[in-house]
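Working notes for the structure below.
To find a chain, count down the sequence lines: A is the first, B the second, and so on, and within it residues start at 1.
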Amino acid sequence: MRRLILVLLVLVALFWLFPLLMALLNSFKTRAELFTNIIAFPDAWNLDNYVRSFKRMNYVRSLINTIIIAAGGISGIILFSAMAGWVLCRVKTRLSLFLFSAFVFSMLIPFHAIMIPLYQVARLLRLSNSLGGMGVIYSGLGVGMAVFMYHGFVKTIPLELEDAASIDGCSGAGVFFRVVFPLLLPITATISIMNVLWMWNDFLLPLIMLRNSRKYTLLLSTNMLFGQYGSDWPAILSALILTVIPVLLIYAVLQKQIIKGIVDGALKG
Amino acid sequence: MKTNPNIRVLLFAAPALLVFIAIKLVPVILGMGYSLTNWNGIDPSWRYVGIDNFVEIFTRDAHFWTAMVFTIRYSLFVVILLNVLALGLALAIESQRRTRGLFRTIFYLPNMISMIIGGYMWNFIFTQVVYHFSDNWGWMFFDQSWIGDPTRSFYAILTVAVWGGAGYLMVIYIAALQSVPQVLQEAATIDGAGSIRRFFSVTLPMIKQAFTICLFISLNNAFQVFDVVFALTGGGPGRSTQVVAINIYEEAFARSNRFGYATAKSTVLFAVLLAVTAVQLWIMKRREEEL
Amino acid sequence: MKKTAIVAVMVILLAAVAYGGGRTEASQAAPADRNVTLNVMMSFPRFTEQMEAYFDQFREKMLAERGIDVTIVLEMPSSEQYNNILQTRLSSNDAPDLFTLHASADLPTYQKAGYLADLSDQPLAATLYPNVRETVSIDGKVYAVPFESTVWGYLYNKDIFEAAGLEPADTLDEMKRVVEVLKANGHTPFLLAFQEQWVPQLMTALALGGKVSGHVPDWVERMYANNGSYREVEDVLDIIELIMANGTPRAMETGSEQGAANFANGRAAMFVQGTWSAESILSVNPNIRIGVGALPVNNDPSCTMVNLATTTSLAVYSRTPEREMALALANYILDQEASSALYESLKFNPVATVHQFDQFPWAEDASAYVAAGRAYRDLVLPPAVTDEQGKLLQSLYVNQIDREDFIRIMDQTFAAANSAR
């Protein structure tokens, strides 16, 4: 029985890896090679496509841009939501319940509903076409979910610790930053992982907000190449592979943390 | 020195509230405002049309409702497929010893990748690679249109959506399964319960919470689906795979340029989402209480 | 392990922020009196490299002649996303200084909204060929620099046609014969690339244009007045059905670029596609000899005409803060010395007297139709109607709808577009 299941698992796993493997194999080929045999290994592990895509995408710069945006966004989300989530959980008033519900319901707003008005607001606040501004926008889009998760996590922390700290003379802010915030580390890791992945893989928002190609994220740079490459699949595939390399590297290193974070995010949120 | 608790609430929630209001609330309100106008998204001159847009949606816009029906059908299929497959994979992986980690890594992999990128990779599979099977290997099953046929493109979209989403639900189920106390399983075995019986009477009730969450997540994502369809079929052929989000996107930005009307549609989508979620939470809550 | 990982990630993030924050824009050492930044948005990413090179030339020229250092930020979204992005920018008072528009489909809307600068007094306007000038003018004023001005019909492979002893057909019956002969010679008559809706839509553009111009010249006007029907132009579906029934397989899996590549490789003898794809085709097979034919609609040759159109044109934003440089750039597109090389490398037709290069061979074919009076100007239909035609042709191709559905839905769509105006 276990053997049978193993065989099934292997088959499903092959199916799962198939698109990635196909993309990888064919990214080394020339157009003619791809045309003659799409399944075969390339004749030579030719890096021409990669070199070209790497240059055309402005790879290093795009990568750094993406990192800056994600770093900015995550700092905002973590700090703002931890404070809000904690206070909304600990202080039970009608106002706090109302605010909490507002944050939770905001999770349901479809992005397309606010796309153009959001851009107008971003323009007004000088957040558009700026990497830092993108961080602020992501904070705004991400706090709803994060507040919800912090709120849920705070519930599980015993109140005694905080009480003890305030008896010791800690102010509200002191209690939060010295006592509560460190205790939130597990959920903070979770929220960071979830949100960084989301920002890293987001497409439509940067597409609208960033106009200067020097500020493009990896996905935008790749997307730009689709138009330029036309039907040159090997070149397109090389750009796709280049785009997924950083996440796959991070995944290889931090796999356990990422999966744990995702699971905690869903189960404890 | 007991200050008003509301002041404390406001103080600590202020930063989050501020970005939330600026980035989400104001645009939502602006959007609702636009939904009462005939603004085309380009022309600065527009006029207030009251609820005309909503009247049109409910009385004359067949495309929107076709898209809505398609989205509901898609959501139904994808939610069931995702959850069945994710739970199945979770159980299968848990039954293995040494290969657990490896399989979990592989199945979760697509979740690390943007669905735009994943969609393009599958586009390559469906427009190029499958025909290698039929043309060179004679597997004639593949010799048909996968993303250009009204029926099969639905399956193609489901395939990619499941590929992209199952790993996420799977890791949630794995965690839930691991939290089922071994003692319970053993007790049931001693009582003479077979493995199927054990699954239904011990495991399933214990992972009810995970099930609720997975349903919630998958249904919400399914209703707003955009990337997969956009990268694979763009809603075509014709409108046969047009989901609500694409219908709205086209109304606002593609050739019809009716931005006010499109925001009215997103308001309707928002309302439907709210209703679906409310019903879902209500049912789940009652179920959980019953246990 | 976990702690190390978290610390490592934080260090990377911090370093990235520091890098981003500490880096200032690279300063230019050039001795310029003034620095100007122009934002340009264009809709043909295929030509990014050529345009960047051209803008570099412009920059040098400005630096030398006027002592102004112009930095050009060029944005080239893919064509599906172009309208979306441009629209978002314009409605948020963040318009690019120059942007491309489809001359017949989009120019009037944007002009009416007041976004376009009047270019009539600019040197470029004086150099335009009169017939081209008309395509970028509204009420006699020039609002854009024409990029692609083209006379187009369907493309055919001259070698295949000559080998089979064929001439482009003038009537539907002749076309049917051409199809039979091609098939008898082992060729697929038509290349179908229907993945992107705008490509099948070209069939309606051509067939409708011919039929309306030849037989029912007041049709468009009456349609706008809710006093017409697609029933009157039903024959356009005859040729479309003929094309669909005699085309290459896997049409829905073939994008426009893939289609161009397949046509270049001789997979089919004809391709309903404009001359704007010539560059793509020739880049795959430089030896192919492309011809342009007028698409027959019925058996009346007076309906068999080519389409005169300016598709992509470059407009200047009416409220640009850098008016002087924006206009200078617009004029530079039709620069006496530089422009010819640009247009020729993009395989665009000459649009102005500054263009000193020979017509491309396919353009000569097309011009012959024009000389014979067999050309019409692009019909101006509501964008929603054009879009729906493309969608319905996909549906027609996959047998989801039939002719009757097509006529009924198009009539409804046109009426809806009228009431939305």
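For the 3.5 Å distance criterion, the side chains of A:Thr93 and B:Asn6 qualify, holding a donor opposite an acceptor.
For A:Leu88, the part sitting under 4.5 Å from any heavy atom of chain B is the side chain, from C-beta outward, and nothing else. For a residue to count as touching a neighbouring chain, one of its non-hydrogen atoms must lie under 4.5 Å from one of that chain's; by this rule A:Val121 touches chain B with the side chain only. Proximity to chain A is limited to the side chain of B:Thr99, based on heavy atoms less than 4.5 angstrom apart. Contact annotation for B:Thr277: only side-chain heavy atoms (C-beta onward) come within less than 4.5 Å of a heavy atom of chain A. Proximity to chain A is limited to the side chain of B:Tyr34, based on heavy atoms less than 4.5 angstrom apart. Contacts between B:Gln128 and chain A at a heavy-atom distance below 4.5 Å involve backbone atoms as well as side-chain atoms. Neither the backbone nor the side chain of A:Leu124 has a heavy atom closer than 4.5 Å to any heavy atom of chain B. Contacts between A:Val244 and chain B at a heavy-atom distance below 4.5 Å involve the side chain alone, from C-beta outward. Looking at A:Asn26, the atoms closer than 4.5 Å to chain B (heavy atoms on both sides) all sit in the side chain, from C-beta outward. The contact between A:Phe111 and chain B is made entirely by backbone atoms, counting heavy-atom distances below 4.5 Å. Only the side chain of A:Leu34 comes within contact range of chain B, judged by heavy atoms closer than 4.5 Å. Proximity to chain A is limited to the side chain of B:Phe133, based on heavy atoms less than 4.5 angstrom apart. Both the backbone and the side chain of B:Phe270 come within contact range of chain A, each with at least one heavy atom under 4.5 Å from a heavy atom of that chain. Neither the backbone nor the side chain of B:Leu91 has a heavy atom closer than 4.5 Å to any heavy atom of chain A. Residue contact with chain A, scored on non-hydrogen atoms closer than 4.5 Å, involves the side chain of B:Ile125 exclusively. Contact annotation for B:Asn111: only backbone heavy atoms (N, CA, C, O) come within less than 4.5 Å of a heavy atom of chain A. No part of A:Ile250 comes within reach of chain B, as not one of its non-hydrogen atoms sits under 4.5 angstrom from that chain. Contact of A:Trp16 with chain B is made through backbone and side chain together, with heavy-atom distances under 4.5 Å. Contacts between A:Ile5 and chain B at a heavy-atom distance below 4.5 Å involve backbone atoms as well as side-chain atoms. Contact of A:Ile38 with chain B is made through backbone and side chain together, with heavy-atom distances under 4.5 Å. Both the backbone and the side chain of B:Ile93 come within contact range of chain A, with heavy atoms under 4.5 Å apart. Neither the backbone nor the side chain of B:Tyr173 comes within less than 4.5 Å of any heavy atom of chain A. Both the backbone and the side chain of B:Leu109 come within less than 4.5 Å of a heavy atom in chain A. No part of A:Leu79 comes within reach of chain B, as not one of its non-hydrogen atoms sits under 4.5 angstrom from that chain. Contacts of B:Ile217 with chain A are made by side-chain atoms alone, with heavy-atom separations under 4.5 Å and no backbone atom involved.
Within the 4.5 Å cutoff, the side chain of A:Ile236 has no heavy atoms near those of the B:Tyr120 side chain. Looking at heavy atoms from C-beta onward, B:Asn247 lies in side-chain contact with B:Lys265 at the 4.5 angstrom threshold.
When the candidates A:Tyr119, A:Phe105, A:Phe176, A:Phe103 are compared by the number of heavy-atom contacts under 4.5 Å with chain B, A:Phe103 comes out ahead. The choice from A:Leu99, A:Thr222, A:Leu9 that makes the most heavy-atom pairs within less than 4.5 Å of chain B is A:Leu9. Counting heavy-atom pairs closer than 4.5 Å to chain B, the top-ranked of the candidates A:Gly85, A:Ser106, A:Ser81 is A:Ser106. Listed options A:Leu8, A:Thr243, A:Leu141 were ranked by heavy-atom pairs under 4.5 angstrom with chain B; first place goes to A:Leu141. Per-residue counts of heavy-atom pairs under 4.5 Å with chain B were compared for A:Gly142, A:Ala84, A:Pro19; the largest is that of A:Pro19. Each of A:Leu20, A:Val147, A:Ile77 has some count of heavy-atom pairs under 4.5 Å with chain B, and the biggest count is that of A:Leu20.
A tilted orientation is assigned to the rings of A:Phe15 and B:Trp122, their planes being inclined by 30° to 60°. Classification of the B:Phe142-B:Trp146 ring pair by plane angle, with boundaries at 30° and 60°, yields tilted. Taking the six-membered ring for Trp and thresholds of 30 and 60 degrees, A:Phe181 and A:Phe177 have ring planes inclined between 30 and 60 degrees apart.
For B:Trp163 and B:Tyr108, the distance between ring centers is not under 6.0 angstrom. The aromatic ring centres of B:Phe12 and A:Trp86 sit less than 6.0 Å apart.
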